[in-house]
There are 2 protein chains.
Amino acid sequence: MKYCSISEVSAKFNIPESTLRYYEKKGLLPLIERDEAGRRLFSENQMTLLEIIIYLKNTHMPVKGIQQYVNWVVEGDSTTERRLEMMKNHKQAVLAEISLMKVALKAIDVKITRYKNRMISMNNEMKDQLIKNGEEEV
Amino acid sequence: MKYCSISEVSAKFNIPESTLRYYEKKGLLPLIERDEAGRRLFSENQMTLLEIIIYLKNTHMPVKGIQQYVNWVVEGDSTTERRLEMMKNHKQAVLAEISLMKVALKAIDVKITRYKNRMISMNNEMKDQLIKNGEEEV
DNA sequence: GGTTGACTTAAACCATGGTTTAAGTCGTAT
DNA sequence: ATACGACTTAAACCATGGTTTAAGTCAACC
């Protein structure tokens, strides 16, 4: 089993060390061992857990939810059903959020189209103006 | 032009009145008129703006960004190009976020599958145990 | 004409999710 | 042996995005 220091984990996952300490304190990263000097040693398992924590964060699960999930992981197989329920619910929440974002994207696209067209007509008006000025000057 | 009171807007968009007041204070809802008694009157235009603000919030644009956008809207056609750029950038950010979420969803699906299978095997083990006990009792 | 109910304000308060600071301990390279 | 860099802790601090509170105004109904 290979262990990583906090700086290695920080570099690997691109997460500040302060955040990793904060996650430990909040119970998101449980049972981290220490070396003789008291420095954290992250096991493979913990890094795998960190990976899923990052996925849960990327899908906006609040820290408290992740905390609950991690507690259940630590508790072991007796919590499998609760974890299954949690992940199923979370999946639905994420799907709902994604579709909300997609609806918003459409509205944003409408804006983009409108602004593009406005740019074009403003451009045309400028040209017309130049031509008109040209005629008047001839 | 029809105007709405704050309670009507709150009900229509399902946003607390306190939040609408906060948005006004932060400059997200500019130029709101008042009746003789000092109560807010939301115009059609402002409600259209509120709708796009909600879309921008749903796609996680920070209040400061929305503020900037609204300032440009108020400023008028001379800011069309900047608004176009902003919306194009924001669209890319949203697409990136959605794809991050979709990657996470796959990891969540893996968990769901794993937990389902574990439930099944735990179930089977229980049945085996029952059968074994049955045989021993015969 | 007094009590409701809907609104107003400024300012204090809150939750979330970290980040920063200060003071101190190791282990190693010079 | 000492200086340096990497780490430790607890506690204070911060940004974001609201929400709540307290004190007051107004219009309308009874």
Side-chain angles (χ1 to χ4, degrees), chain A residues 3-43 46 49-50 52-71 90 93 97 100-101 104, chain B residues 3-43 46 49-50 52-71 90 93 97 100-101 104:
Chain A
Y3 288 92
C4 285
S5 72
I6 195 168
S7 57
E8 286 166 336
V9 177
S10 168
K12 189 162 180 170
F13 291 93
N14 198 25
I15 290 182
E17 300 184 8
S18 63
T19 303
L20 293 171
R21 294 193 189 100
Y22 167 77
Y23 284 178
E24 185 194 20
K25 194 160 57 179
K26 282 285 174 173
L28 306 196
L29 294 170
L31 310 172
I32 295 176
E33 295 175 54
R34 306 295 163 119
D35 67 8
E36 326 75 43
R39 279 167 293 184
R40 288 167 182 80
L41 292 175
F42 291 78
S43 70
Q46 271 146 0
L49 184 59
L50 180 53
I52 174 83
I53 288 172
I54 291 168
Y55 287 135
L56 294 177
K57 292 206 79 62
N58 284 348
T59 49
H60 311 125
M61 181 179 285
V63 169
K64 281 191 183 172
I66 301 178
Q67 227 171 72
Q68 174 67 272
Y69 173 72
V70 170
N71 287 344
H90 184 55
E97 197 183 345
L100 204 62
M101 291 176 81
Chain B
Y3 288 90
C4 286
S5 72
I6 195 169
S7 57
E8 286 167 336
V9 177
S10 168
K12 189 162 180 171
F13 290 94
N14 197 27
I15 289 182
E17 300 184 7
S18 63
T19 303
L20 293 171
R21 294 192 190 100
Y22 167 76
Y23 284 177
E24 185 193 22
K25 194 160 57 179
K26 283 285 175 173
L28 306 196
L29 292 171
L31 310 173
I32 296 177
E33 295 174 53
R34 306 294 164 119
D35 66 9
E36 326 75 45
R39 280 167 292 184
R40 288 167 183 80
L41 292 174
F42 291 78
S43 70
Q46 271 146 0
L49 184 59
L50 180 52
I52 173 84
I53 288 171
I54 291 168
Y55 287 135
L56 295 177
K57 292 207 78 62
N58 284 348
T59 49
H60 311 125
M61 182 179 285
V63 168
K64 281 190 183 172
I66 301 178
Q67 227 170 72
Q68 175 67 272
Y69 173 72
V70 170
N71 288 344
H90 184 56
E97 197 183 343
L100 204 63
M101 291 176 81

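First the proteins, then the strands, lettered A, B, ... as listed; each starts at 1.
Between B:Lys25 and B:Glu8, the residue anchored closer to the 5' end of DNA chain C is B:Glu8, taking for each the nucleotide with the nearest heavy atom.
Among residues two or more places apart in sequence or in another chain, the side-chain hydrogen bond (donor to acceptor under 3.5 Å, both in side chains) test is passed with B:Glu24 by B:Arg34, B:Arg40. For B:Asn14, the side chain to side chain contact (heavy atoms under 4.5 Å, CB included) test picks out no residue, with sequence neighbours left out. Residues meeting the side-chain hydrogen bond (donor to acceptor under 3.5 Å, both in side chains) test with B:Ser7, sequence neighbours left out: B:Ser5. Remark: A:Ser18 engages A:Pro16 in a side chain to side chain contact (heavy atoms under 4.5 Å, CB included) (not counting sequence neighbours). Every residue two or more places apart in sequence or in another chain that forms a side chain to side chain contact (heavy atoms under 4.5 Å, CB included) with B:Ala37 is listed here: B:Asp35, B:Arg39. By the side-chain hydrogen bond (donor to acceptor under 3.5 Å, both in side chains) test, B:Ser10 is found to be paired with no residue, residues two or more places apart in sequence or in another chain being considered. Evaluation of the side chain to side chain contact (heavy atoms under 4.5 Å, CB included) rule for B:Leu31 yields B:Gln46, B:Val74 as partners, not counting sequence neighbours.
Interface residues of residues 15-22 of chain B facing DNA chain D, ordered by number: B:Pro16, B:Ser18, B:Thr19, B:Tyr22; criterion, heavy-atom separation under 4.0 Å. Shown for residues 60-68 of chain A: residues whose heavy atoms fall under 4.0 angstrom of DNA chain C, namely A:Pro62, A:Val63, A:Lys64.
The outermost nucleotides of DNA chain D lying under 4.0 Å from heavy atoms of chain B, listed 5' to 3', are D:dT16 to D:dA27.
Within the structure, salt bridge (charged side-chain N to carboxylate O under 4.0 Å, His left out) pairs that include any residue of residues 6-18 of chain A comprise A:Glu17-A:Arg21 (at least two apart or interchain).
Here the closest non-hydrogen pair linking B:Leu49 and B:Leu28 is CD2-O, 3.8 Å.
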Restricting both atoms to N or O, compile the protein contacts to nucleotides 26-30 of chain C shorter than 3.5 Å, with distance only.
none

